[in-house]
Amino acid sequence: MHASTNRRPAQPIQLYRHVVSGHAHRVQLMLSLLELPFDMVEVDLLAKAQKSPEFLALNAFGQVPVIQDGDVTLADSNAILVYLATRYAAPDTWLPSDALGAAQVQRWLSVAAGQIAFGPAAARIIQLFKLPSDPSDAIHRANQLFAVMDAHLQPSGYLVGSAPTIADIACYSYIAHAPEGNVALQPYPQLRAWLARIEALPGFVPMVQTRIGLAA
Ligand SMILES: N[C@@H](CCC(=O)N[C@@H](CS)C(=O)NCC(=O)O)C(=O)O
């Protein structure tokens with residue numbers, strides 16, 4: 001199991017986040033799975049705190065998540081997962097170092113920043129903030145992605161091989177919460193079994209569920 005760490009931060013890592021952000025949840029989940037000490041700093045996205053000069057000094061893109069780990073300030077959920085796994089996880093656990101394993105993980109990080117962001121995450125945001133946008137394209141993209149993932153996942157396996165990696169953590173949050181954006185998980189049994197395997201990992205922490213969409 002991957003709970004062991006080979007290094008520890010001298011002081012708690014600061015995680016700037018918003019409670020309904022799946023990107024921020026990825027980082028919270030990884031910190032928790034690695035048993036690293038951390039504090040969460042709430043950023044009021046609705047009040048546009050992420051565009052304040054103070055926050056833009058942390059992330060010029062004006063988005064959560066950001067971490068501060070001693071003198072390291074780092075934005076972008078997937079970049080943070082790479083950092084945490086490389087700096088704090090036991091070697092070759094959450095991020096393989098062999099050429100093919102590392103590339104296979106990167107492939108899913110690209111999916112997390114691509115098909116997931118523009119599929120289930122986008123469908124959920126429309127519902128969550130009652131945006132005046134048509135969610136049908138995002139819902140269609142989510143279903144296309146879930147069909148591919150359902151066929152890819154092996155019973156008892158993870159996205160890359162037989163042990164969890166940061167690929168699983170990057171992809172988990174918005175897929176688990178897809179029903180909030182009116183994307184059903186029921187047609188995808190392997191995907192649901194994979195979600196359950198992640199939820200059974202020691203140190204798993206859920207993202208707060210919002211009672212909207214199919215989750216109402
Ligand atoms: N590529 C970034 C995307 C982060 C992102 O989209 N954050 C959203 C919350 S889920 C945000 O801060 N939105 C506020 C804004 O863009 O003003 C990552 O992976 O961290």
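Along the sequence shown, the residues carry numbers beginning at 1. Everything numeric in this text was worked out from a predicted model, so none of it was measured. Note that ligands are numbered from 1 as they come in the structure, with each ligand's atoms numbered from 1 the same way. All values below come from the heavy atoms of this structure, side chains included, with hydrogens, waters and symmetry mates left out.
The protein atom (non-hydrogen) at minimum distance from atom 19 (O) of ligand 1 is S77 OG, 2.7 Å. Given atom 14 (C) of ligand 1, the protein heavy atom at minimum distance is Q50 NE2, 3.5 Å. Of the protein's heavy atoms, V64 O, 3.9 Å lies nearest to atom 8 (C) of ligand 1.
Remark: ligand 1 and Y174 share no N or O pair separated by less than 3.5 Å (distance only, no angle test). Residue R26 has no N or O atom closer than 3.5 Å to an N or O atom of ligand 1. Residue-to-ligand polar distances place D76 within reach of ligand 1: an N/O pair is separated by less than 3.5 Å. Between S21 and ligand 1, no pair of N/O atoms sits closer than 3.5 Å.
With rounding to the nearest 0.5 Å, the separation of OG in S77 from CD in Q63 is 9.5 Å. Taken to the nearest 0.5 Å, the CZ atom of R17 stands 10.5 Å off from the CE atom of M207.
Judged purely by distance below 3.5 Å, without hydrogens or angles, the side chains of N182 and R124 never pair a donor atom with an acceptor atom.
Annotation for ligand 1: atoms under 4.0 Å from non-hydrogen atoms of K51 are 15 (C), 16 (O), 17 (O). When each atom of ligand 1 is checked for a heavy atom of G62 under 4.0 Å away, the hits are 15 (C), 17 (O).
A distance-only check finds a donor-acceptor pair linking the side chain of E180 to the backbone of T210 [under 3.5 Å]. Under the 3.5 Å distance criterion, the side-chain polar atoms of Y16 are left unmatched by any main-chain donor or acceptor of V66.
When side chains are defined from C-beta on, Y158 does not count as touching T165, because their heavy atoms never get closer than 4.5 Å. Looking at P96 and V105, their side chains come closer than 4.5 Å, going by heavy atoms from C-beta outward.
Using a 4.0 Å heavy-atom cutoff, P65 is listed among the residues neighbouring ligand 1.
Closest heavy-atom approach to atom 13 (N) of ligand 1 among the candidates H25, R124, Q63: Q63.
Ring centers of W194 and H152: at least 6.0 Å apart, outside the cut-off.
At a threshold of 4.0 Å, the pair R197-D168 does not count as salt-bridged, since none of the basic side-chain nitrogens sits closer than that to a carboxylate oxygen.
Under 4.0 angstrom from ligand 1, there are no non-hydrogen atoms of H18. Residue contacts with ligand 1, taken as heavy atom pairs separated by less than 4.0 Å, do not involve K48 at all.
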